[in-house]
Novice: 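Sharing a structure, written as structure tokens. Questions coming.
Worth knowing before you read on, the calculation uses all heavy atoms, side chains too, and leaves out hydrogens, waters and symmetry mates. Computed from a prediction, not measured in an experiment: that's the story for all the values here.
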Amino acid sequence: MSAPDTAAPPANPAPNGPSAPPADPNAPPQQGQAQAEEQDEAAEEQDRPQDAWASRRELADHAPPSLRIGSGAGFGGALVTGDQHGVSGGRVAGDVIMGSKTEIWQLGPPAPHASGEVPAATLERLAESFVADEEAFGALADRLREERVLVVRGAAFTGRRTAALMLLRRAGATSVRSLLRDRPPAELAAQLDAEQQRAEQGRAGDAPAPGPVGYVLCDLMADRTRPLREPHLLAVRDRLAAHDGYLVVTVGPTAVLEEVDPAGWQPPSVAEVLTAHLTAQLRALAPDPATCEEYTGRESARLLALPAVTGFLARDHQLREAAAFAPALARHAAGGLPADELDAFSLGALESQVREWFEEDEAALPLRDKAFLISLAAFDGGPYALTAELSDRLYAELLRTQRPHAPADVPVFGTHIGKRLQLARAERRQAEEATEWGPVRQWVAAFRDDRAALVLLRELWTAHPSARPALVRWLRALAEDGRPLVRTRAAATTAVLAHADLPSAMALLIEEWAASPRYRHRMVAASALAHFVGAPNVPRILDGWSQGEDRPMRWVAIRTHALIGPERPAGTLRVLRTVVRKEYEESRREDPPAPLDEAMVEELAGAVELLLLSEARETVLGELLASYEVDRPARDLTLAGFLRACGRGAEPRTGPESGPGPGAEDEGPDEGHPPGRPLVLDWYREAVGGPATAWVAHGLTRLWRAALGDSLHSRDALEVLRLWVLAAGHRQDVEWALAALLPALVAEPEDALRLAHLLRTMPGEDGAPPPPVAARLLTVVPAAGHPVPQHR
């Protein structure tokens with residue numbers, strides 16, 4: 001087995017080149033078929049295996065934080081990043097459902113106008129726990145008294161309805177009636193007239209009017225077809241002034257208002273709402289009315305300091321969820337709610353929100369917004385523009401499922417980014433994104449709750465199977481994309497789906513990719529299995545594929561072992577040795593013997609390379625030293641992987657001749673190591689200086705001697721040494737490390753002759769004469785027949 005090119009080609013983050021544009025879903029069938037054929041031909045030309053090191057870098061750069069390899073993140077049982085997830089894993093506990101859902105079936109024509117009085121007890125209960133900025137709230141109440149009608153604009157679930165009721169109470173309304181929201185704004189004045197007539201008819205004889213009446217209209221439906229205009233409010237104001245009434249209208253951020261000056265609602269913090277509601281709950285539990293305030297203050301401080309509460313407040317929870325959490329805390333204080341159920345409340349609230357997003361009712365989100373939520377879950381923390389672009393592709397796929405015979409109608413322009421992210425409970429911020437051209441600053445979008453993406457994808461895959469065909473088509477298209485971030489997120493998303501339902505994800509996605517003749521598909525399959533590292537099924541899958549006869553699947557198994565090898569280095573090396581022996585046996589079965597599969601050989605060597613450059617490198621080195629001389633396949637595997645690792649960090653320079661000075665620590669592309677400093681040589685320099693690591697330096701020297709003395713690997717070994725000498729010409733610390741290593745490589749006179757010949761005859765960069773550093777290094781190489789000097 002000949003070692004692959006150990007000059008370690010530079011990492012290629014986008015091995016497949018730019019992706020071809022997707023076929024137009026609305027194109028005629030013949031034209032669409034022609035587009036697909038052209039894309040297939042272009043993909044075949046660009047398809048080639050990606051360097052294992054580059055795959056590892058893509059996972060490190062682009063995987064979601066919760067699924068980064070080696071971070072300890074993963075799945076176990078029904079746990080999602082440490083939190084219990086799913087009814088199947090436990091029990092439904094506490095106030096998981098936020099409020100009740102009432103469905104009203106109304107047959108026949110609706111009543112022209114209808115309202116209902118808000119019970120006084122409800123107003124009293126809300127007043128006990130209402131909290132707001134007193135100065136701002138007082139200003140809104142004064143404006144309501146003066147203008148009689150007030151439009152309050154605010155986001156959903158920010159307490160705007162409670163604020164409207166409290167404003168009417170502060171303005172002096174003795175009773176409050178709630179109006180239907182589905183009437184056109186033009187009917188508001190007539191609706192109030194009808195309400196006043198009904199009130200007058202209900203009063204007996206000469207009974208005096210009960211006092212000012214307040215009206216609340218929550219979430220007025222005002223869109224482009226029926227906006228709320230100033231004349232509507234002027235007519236309403238006249239009616240209210242005549243009958244001594246007040247009206248507060250709440251609208252969302254997207255409501256269409258014309259010449260109307262709404263009051264912006266600034267909600268209190270989640271902590272303030274939780275404290276206020278908890279205090280109100282604890283008053284009812286006080287054992288002695290005389291010490292009620294002392295008890296509530298002390299008990300409230302104790303409960304708010306619980307880890308479950310601090311964790312709840314650290315998450316992005318809505319005010320309605322804080323209000324629902326307070327009774328659960330009170331029950332816990334009274335001994336009626338166990339601590340584990342209290343801990344599960346936060347995740348239960350998040351699951352309720354995700355289920356609400358995917359509900360199909362009159363208040364359901366539009367399909368395009370649901371597609372954006374799914375895309376944001378897959379690209380959580382990624383560039384917003386990319387998330388939005390790919391969400392529209394998913395939207396087109398969902399339309400194909402929902403309306404298979406209609407063209408995919410994707411609007412060119414959509415909702416403003418701020419409103420979209422507010423709906424998704426996400427945020428936009430600037431962050432550095434890794435690219436093949438170096439890090440660039442971009443606007444990224446991420447859920448404010450880092451658990452949301454995993455919970456959403458799992459809910460989608462398990463609770464909405466009708467969405468699977470569209471999601472599968474979308475993920476397959478992402479696997480074809482030329483952008484590393486897109487391919488990596490497709491793999492990570494598939495890993496989440498596999499954890500939720502392994503058989504389906506394997507059959508619909510992973511196995512199809514793994515058996516594909518295209519390398520790009522196989523690399524996505526390997527990345528998906530690598531993200532799925534915490535599951536006990538993965539080693540069984542990989543062992544089966546590595547021993548099977550399907551060569552593409554065997555290739556995927558090796559690549560996956562390379563990516564997850566540091567998690568189980570000894571077991572991974574045993575599998576790699578088994579596979580390489582199988583490769584040798586298969587080649588010898590032919591008569592005459594067939595050449596080894598070069599792609600498989602390189603993949604095996606690349607796996608050893610990654611193991612040697614991982615955090616488990618000392619364990620790996622010990623395993624290699626103990627086994628590489630057992631047989632020829634193991635020796636070739638070890639030396640080929642070792643030389644590939646030695647070439648990493650010593651790639652030919654593409655910049656100017658002048659490089660960093662001695663001791664420069666500028667960050668480079670290889671895990672924080674400075675450019676031009678070979679990683680294995682740096683490891684050797686560190687090991688030489690310490691008694692506890694002297695065996696590492698001896699082991700590296702031993703492998704170097706074996707490679708230089710092996711006829712199949714000596715040429716590659718000398719080429720790596722040439723690259724190290726060129727790197728030493730730019731960095732003094734590399735020169736010192738190499739000066740310490742070269743004498744140790746001379747065990748026989750032939751070794752000295754070989755090294756001396758290299759240093760005298762090696763070409764410099766771009767065909768130049770040997771660099772001056774070669775002559776300096778030649779002085780430390782012992783002459784043939786002389787003992788090896790002991791370097792300091």
Novice: Quick one: which residue pairs count as a salt bridge (Lys or Arg N to Asp or Glu O under 4.0 Å) with a foot in residues 692-707, not counting sequence neighbours?
Specialist: Glu629-Arg702
Novice: List in chain and number order the residues that pass side chain to side chain donor-acceptor pair (under 3.5 Å) with Ser516, two or more places apart in sequence or in another chain; answer none if no residue qualifies.
Specialist: His521
Novice: Please list all pairs meeting salt bridge (Lys or Arg N to Asp or Glu O under 4.0 Å) that have one or both residues in residues 492-516, counting only residues at least two apart or in different chains.
Specialist: Arg468-Asp501, Arg476-Glu512
Novice: Name all pairs fulfilling the side-chain hydrogen bond (donor to acceptor under 3.5 Å, both in side chains) condition that reach into residues 752-763, sequence neighbours left out, sorted by first residue then second.
Specialist: Asp751-Arg754
Novice: With sequence neighbours left out, write down each residue that passes side-chain contact (heavy atoms from CB on, under 4.5 Å) with Ala498, or none if nothing qualifies.
Specialist: Leu502, Ala505, Ile510, Phe532
Novice: Could you list the residues that satisfy side-chain contact (heavy atoms from CB on, under 4.5 Å) with Ala775, not counting sequence neighbours?
Specialist: none
Novice: Can you name the side chain to side chain donor-acceptor pair (under 3.5 Å) partners of Asp597, sequence neighbours left out?
Specialist: Arg551
Novice: Which residues pass the side chain to side chain donor-acceptor pair (under 3.5 Å) test with Arg574, not counting sequence neighbours?
Specialist: none
Novice: Report the residues that fulfil side-chain contact (heavy atoms from CB on, under 4.5 Å) with Ala477, sequence neighbours left out, ordered by chain and then residue number.
Specialist: none
Novice: Would Tyr584 and Asp636 count as having a side-chain donor-acceptor pair, cut-off 3.5 Å?
Specialist: yes
Novice: Holding to salt bridge (charged side-chain N to carboxylate O under 4.0 Å, His left out), I want the full list of residues that pass it with Glu585, two or more places apart in sequence or in another chain.
Specialist: none
Novice: Could you work out, with side-chain contact (heavy atoms from CB on, under 4.5 Å) as the rule, every residue matching Ala514, not counting sequence neighbours?
Specialist: Ala525, Trp545, Met553, Val556
Novice: Using the side chain to side chain donor-acceptor pair (under 3.5 Å) criterion, which residues pair with Arg776? Sequence neighbours excluded.
Specialist: Glu735
Novice: Are Trp724 and Trp704 near enough that their ring centres are under 6.0 Å apart?
Specialist: yes
